[in-house]
Colleague: 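One structure, pasted below without further comment.
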Number of protein chains: 2
Amino acid sequence: MHSEVVASRSADQRDSSRESRNGTPQLDAVSLAIIQQLQEDGRRPYAAIGKAVGLSEAAVRQRVQKLLDQGVMQIVAVTDPLTVGFRRQAMVGVNVEGDVESIADALTAMSEVEYVVMTAGSFDILAEIVCEDDDHLLDVINKRIRALPGVRSTESFVYLKLKKQTYMWGTR
Amino acid sequence: MHSEVVASRSADQRDSSRESRNGTPQLDAVSLAIIQQLQEDGRRPYAAIGKAVGLSEAAVRQRVQKLLDQGVMQIVAVTDPLTVGFRRQAMVGVNVEGDVESIADALTAMSEVEYVVMTAGSFDILAEIVCEDDDHLLDVINKRIRALPGVRSTESFVYLKLKKQTYMWGTR
DNA sequence: GCCGCGTCTGCGAAATCCGCAATCTGCGAC
DNA sequence: GTCGCAGATTGCGGATTTCGCAGACGCGGC
């Protein structure tokens with residue numbers, strides 16, 4: 001915890017909420033440092049974070065609350081689905097004819113779908129699916145995803161072993 | 001607490017820590033409920049969780065600590081990498097000749113690699129990569145991943161738009 | 001200058017976290 | 001059956017943290 005930031009805060013960067021082109025709030029160095037602290041431990045006390053980033057406890061608290069309200073970050077428990085009773089997971093590559101985004105929205109609406117991203121490459125969309133068993137997985141892929149109008153084809157990659165899953169962006 | 005290894009081998013271990021085939025602890029309904037609470041809000045007070053799941057504050061605290069120690073779950077801040085300054089992400093499918101696991105381990109060791117999973121299907125491994133820009137991404141894929149001995153081929157899917165990213169397993 | 005807005009700080013009260021000792025509960029050994 | 005053990009749970013102080021708010025500060029607009 002010797003990640004002293006000691007930002008030259010008094011200088012100019014007191015706008016932690018400047019907006020960039022797409023409306024996403026731009027983060028300053030201090031907020032980034034706060035996020036890093038919470039990526040290491042989501043329950044770290046505000047006072048400890050404040051000491052690390054050079055802010056008072058109350059200021060850290062306000063910034064964290066704002067980051068949560070803005071949806072920039074969320075503090076949650078994450079697990080390996082396998083240990084929580086979901087025995088089948090798969091990544092599904094989807095090819096679409098027509099409007100890709102509307103298909104992506106339809107996938108997003110499915111509760112079994114954990115992750116949806118539009119990509120460049122031989123798939124238009126990648127979607128991660130979390131299911132309880134093989135029947136459930138088969139049902140989602142064949143009856144629900146392939147049934148969507150505009151889905152040209154799909155390819156499935158059933159998970160055998162999860163090797164790594166980190167949440168340390170920005171910590172490098 | 002000098003928690004000695006105990007090593008009480010599969011003797012009794014009732015409930016919340018019975019081991020399944022692969023050594024992963026099996027979770028009972030109460031621990032599952034606790035995880036669900038923390039998936040909604042990683043900073044929810046132990047007393048509030050206890051009220052929701054029917055345990056005392058101290059019992060919840062003890063179980064949460066155990067879940068963290070066992071690595072069953074972690075409580076962290078998660079963000080959209082794009083808002084934190086990482087502009088290029090990609091999923092890379094890898095085909096391997098020889099030992100798949102050792103390649104997966106090598107990928108796991110790379111800090112730019114956020115997610116590694118071994119799969120059944122036309123790829124042996126899927127790895128998610130988070131980079132700062134195109135040059136960085138190109139470098140990781142071409143110079144580092146393809147250079148690994150045993151990597152037969154790779155296929156990249158550059159992210160265009162992240163549509164969904166949830167952490168609500170078990171909350172359905 | 002004056003005012004407004006957003007952020008930071010300090011501080012007291014309330015709530016929470018932490019550690020520990022006592023108690024309870026299964027379950028195998030005898 | 002009883003005994004003993006080990007993990008789980010509870011209750012309870014004391015330390016710590018969270019919370020809300022009033023005041024101060026910096027900065028730009030007028």
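Owing to the predicted nature of the structure, the values given are computational and were not obtained by experimental measurement. A note on names: the letters A, B, ... follow the listed sequences, proteins ahead of strands, and every chain is numbered from 1.
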Colleague: Return the value, rounded to whole Å, for the distance between atom CD of B/Q62 and atom C1' of D/dA6.
Modeller: 12 Å
Colleague: Check whether any side-chain N or O of B/K66 sits under 4.0 Å from OP1 or OP2 of D/dG7, and answer yes or no.
Modeller: no
Colleague: Going by side chain to side chain donor-acceptor pair (under 3.5 Å), name the residues that satisfy it together with B/D105, two or more places apart in sequence or in a different chain.
Modeller: A/K163
Colleague: What is the distance from CG of A/D69 to P of C/dG6, rounded to the nearest Å?
Modeller: 15 Å
Colleague: Starting at the 5' end of DNA chain C, which residue's closest nucleotide do you reach first, A/S56 or B/A58?
Modeller: A/S56
Colleague: Measure the distance from CD1 on B/I49 to C1' on C/dC18 and round it to the nearest whole Å.
Modeller: 15 Å
Colleague: Protein-nucleotides 16-18 of chain D N/O pairs closer than 3.5 Å?
Modeller:
residue	atom	partner	partner atom	Å
D/dT18	OP1	B/R43	NH1	3.1
D/dT18	OP2	A/Y46	N	2.9

Colleague: Roughly how many Å is it from CG in B/L55 to C1' in D/dG11, rounded to a whole number?
Modeller: 14 Å
Colleague: Parallel under 30°, tilted from 30 to 60°, perpendicular over 60°: which one fits the rings of A/Y167 and B/Y167?
Modeller: perpendicular
Colleague: To the nearest Å, how far apart are B/R63 CZ and D/dG7 P?
Modeller: 15 Å
Colleague: Could you go through residues 46-58 of chain B and list every donor-acceptor pair under 3.5 Å that involves a side-chain atom there, pairing it with any protein atom two or more places apart or in another chain?
Modeller:
residue	atom	partner	partner atom	Å
B/S56	OG	B/A59	N	3.2
B/E57	OE1	B/R61	NH2	3.4
B/E57	OE2	B/R61	NE	3.0

Colleague: Could you work out, with side chain to side chain donor-acceptor pair (under 3.5 Å) as the rule, every residue matching A/D69, not counting sequence neighbours?
Modeller: A/Q65
Colleague: Using the side chain to side chain donor-acceptor pair (under 3.5 Å) criterion, which residues pair with A/K164? Sequence neighbours excluded.
Modeller: none
Colleague: By side chain to side chain donor-acceptor pair (under 3.5 Å), which residues pair with B/R144, not counting sequence neighbours?
Modeller: B/E112
Colleague: Give the rounded distance in Å between these two atoms: CD of B/Q65 and P of C/dT16.
Modeller: 19 Å
